[in-house]
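To start, the structure under review is shown below, and the notes come after it.
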Amino acid sequence: MDSRLCSRGFTLIELLVSLVVLCIGLLGLAGLQNVGIAASHSSLQRSQASWLAGEMADLLRANRLAACSGAYNVGFAAVGGACPGVSGTTRAQLDVSQWRNGLCTALGVSAGGSVQVVRQGESCNTQIDVRWDDSRVRARLAEGGERWEIFTYRTVL
């Protein structure tokens with residue numbers, strides 16, 4: 001054999017090593033995509049909670065007299081197996097019922113809301129809380145702790 005001839009191409013070992021490095025990189029990207037999807041789902045739920053809390057604040061402003069008298073004050077309802085229907089005899093009851101139905105539809109059957117309006121002189125301080133189960137997303141992001149995520153919206157009527 002002539003030692004002056006250059007060998008061309010890759011050896012089988014070099015090819016296998018580069019394939020292993022490529023596979024490790026692709027597995028890292030797949031894991032990163034899983035975390036990204038979970039974070040984007042959590043962000044979507046937070047945006048929906050913010051929008052729904054703002055919607056309740058608008059309903060309170062539209063019916064300010066009833067809101068300041070405490071007609072809209074509700075706590076978190078027990079978690080049920082299905083979304084509640086829309087019912088009520090007063091405007092405030094209908095608004096709260098429709099809002100709770102929207103929470104359940106947008107954030108899941110475990111979602112709930114709380115509204116507290118406290119009159120202080122001429123103004124009415126309002127706190128609107130939206131709660132939903134975020135345990136599935138927290139498990140994907142490897143975070144422990146509380147399963148409930150709570151969004152709080154405060155305003156003055």
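Keep in mind it's a predicted model, so treat the numbers as computed, not measured.
Between the Ser43 side chain and the Ala39 main chain, no donor and acceptor come within less than 3.5 Å of each other. Under a 3.5 Å cut-off, the side chain of Ser50 and the backbone N or O of Arg46 do not form any donor-acceptor pair.
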- request: Verify side-chain contact (heavy atoms from CB on, under 4.5 Å) between Gln48 and Leu103, making sure each step is shown before the conclusion.
  value: CA-CA 9 Å; Gln48 288 174 330; Leu103 289 173; over 6 Å; no
Please tabulate, one pair per line, all N/O donor-acceptor pairs under 3.5 Å involving side-chain atoms of residues 19-33, not counting sequence neighbours.
none

Acceptor/donor pairs from residues 150-157 side chains to any protein atom, 3.5 angstrom cut, sequence neighbours excluded:
residue: Thr152; atom: OG1; partner: Asp129; partner atom: OD1; Å: 2.8
residue: Arg154; atom: NE; partner: Gln127; partner atom: OE1; Å: 3.3
residue: Thr155; atom: OG1; partner: Arg61; partner atom: NH2; Å: 3.0

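When all heavy atoms of Ser114 and Gly75 are compared, the pair lying nearest together is OG-CA, 4.0 Å. Nearest heavy-atom pair, Leu52 versus Gly102, reported as atom, atom and distance to 0.1 Å: CD1-O, 4.0 Å. The heavy-atom pair separating Cys68 from Val117 by the smallest distance is CA-CG1, 4.1 Å. Taking each heavy atom of Val74 and Gln116 in turn, the nearest pair found is O-NE2, 3.3 Å. Scanning all heavy atoms of the two residues, the minimum distance from Trp99 to Gly113 falls at CH2-CA, 3.6 Å. The minimum heavy-atom distance between Leu94 and Ser87, with the atom names listed, is CD2-C, 3.8 Å.
If you check the side chains of Gln93 and Thr89, you find a donor sitting under 3.5 Å from an acceptor.
Note: Ser97 OG to Arg100 CZ = 8.5 Å, rounded to the nearest 0.5 Å.
Sorted by first and then second residue, the salt bridge (Lys or Arg N to Asp or Glu O under 4.0 Å) pairs with a member in residues 85-95 read Arg91-Asp95; sequence neighbours excluded.
Between Tyr72 and Asn63 there is a side-chain heavy-atom pair separated by less than 4.5 Å. Contact of the Val96 side chain with the Val115 side chain is not registered, since no non-hydrogen atoms from C-beta on lie closer than 4.5 Å.
Both Leu60 and Trp51 are members of a single hydrophobic cluster when ILVMFWY side chains are connected at heavy-atom separations under 4.5 Å.
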